[in-house]
Amino acid sequence: MRAFAEIVLLRRGVRAGGGRLAAMLAALLLSLFAFSASAVAQPSNDIREAVRDEPVQAEVRTVLSQYGRFVQHARFGEVWVPTVTPQGWHPYPPCQWVKTRQYGWYYDDKTPWGQIVHHYGRWFWDQQIGWAWDPGSEFSPGWVVWRSSPEWTGWAPMPPDQALQTISSDQFDNSDQWIFVETAKFNAGCNAAQTAPVERIPVLLRQTKWITAVEFVDGIVVIVLPPYLIGPFVHVHIGFEPWPAWFMVQMMKNSNFVWQKTLNNVAQVCAPSNAK
């Protein structure tokens with residue numbers, strides 16, 4: 001989990017853009033981001049069977065311990081909770097998305113801790129401890145899902161893998177999970193004070209579409225946002241270990257489980273009301 005923006009990691013293996021296995025996995029993962037809306041809902045925090053903790057490397061633990069605390073969670077095991085964030089903070093706060101030539105939209109967090117927790121691991125909300133980070137070792141430009149229209153653009157943290165299989169349909173599109181910014185302001189670099197109020201998010205969820213276009217780049221899946229999202233363009237040079245095949249297959253299985261479980265409910269929730 002070597003996640004420091006100023007440290008360039010050594011790449012391993014062969015570039016995954018070629019080869020039959022890469023092509024097959026890329027095709028399978030096209031459906032990964034065609035999430036049902038419940039895939040980003042608040043996960044249940046009921047106690048489940050134990051899941052082995054992802055090991056946290058010593059250098060990462062040292063950095064994160066300066067900005068938060070590691071605690072034991074009944075469901076997710078050891079997690080990290082930030083203590084330096086302001087009240088009302090949300091993972092992937094606005095105005096830090098930048099467009100890169102190779103990795104598409106990249107969350108450009110300059111803080112030592114944010115460089116780690118916004119590119120590795122996943123976030124979830126807990127009523128007792130607030131937002132907590134579940135460690136992970138797989139890199140992504142940003143572990144989020146997206147919705148967009150020419151007028152509005154929104155994103156929400158992708159929950160931990162084990163949460164995807166237990167999300168109920170009544171947790172569909174929890175407003176607290178999402179951040180929305182006017183597309184024009186998103187393109188201009190935006191302003192944190194210009195995000196949509198929480199009470200407006202249910203309307204925006206109906207007015208925007210899921211982003212499902214992806215590319216397979218250097219062994220990871222990169223979400224491709226619509227061309228009307230221009231945004232600030234920067235050059236970043238990042239090395240990372242490509243996602244192993246087992247990790248891609250697990251993500252695909254989780255996605256299919258959620259999709260099949262909630263497909264009918266999504267249609268009902270999204271249907272406009274005819275009540276007068």
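Below, each value reflects all heavy atoms present in this structure, side chains not excepted, and no hydrogens, waters or symmetry copies.
Here the side chain of His90 pairs no donor or acceptor atom with the backbone of Ala156 at under 3.5 angstrom. Side-chain atoms of Arg147 come within 3.5 Å of backbone N or O of Leu205 as a donor-acceptor pair. No donor-acceptor pair under 3.5 Å is formed between the side chain of Tyr103 and the backbone N or O of Ser140. Looking at Asn187, its side chain does come within 3.5 Å of a backbone N or O of Ile230 through a donor-acceptor pair. Side-chain N or O atoms of Tyr120 include none that pairs as donor or acceptor with a backbone N or O of Gln115 at under 3.5 Å. In this structure, the side chain of Tyr92 engages the main chain of Trp143 through a donor-acceptor pair within 3.5 Å. Side chain of Thr183 to backbone of Leu229: no donor-acceptor contact under 3.5 angstrom is found. Without hydrogens or angle criteria, Trp80 side chain to Tyr67 main chain gives no donor-acceptor distance under 3.5 Å.
Between Trp105 and Ile223 the shortest side-chain heavy-atom distance does not fall below 4.5 Å. The closest side-chain heavy-atom distance from Thr208 to Ser149 is below 4.5 Å.
Hydrophobic cluster membership is shared by Leu204 and Trp178, with clusters built from Ile, Leu, Val, Met, Phe, Trp and Tyr side chains linked at under 4.5 angstrom.
The line from CH2 of Trp97 to CZ of Phe186 is 7.5 Å long, rounded to the nearest 0.5 Å.
Tyr107 has its ring centre no less than 6.0 Å from the ring centre of Trp155.
For the side-chain hydrogen bond (donor to acceptor under 3.5 Å, both in side chains) test, residues two or more places apart in sequence or in another chain that qualify with Arg61 are Glu78.
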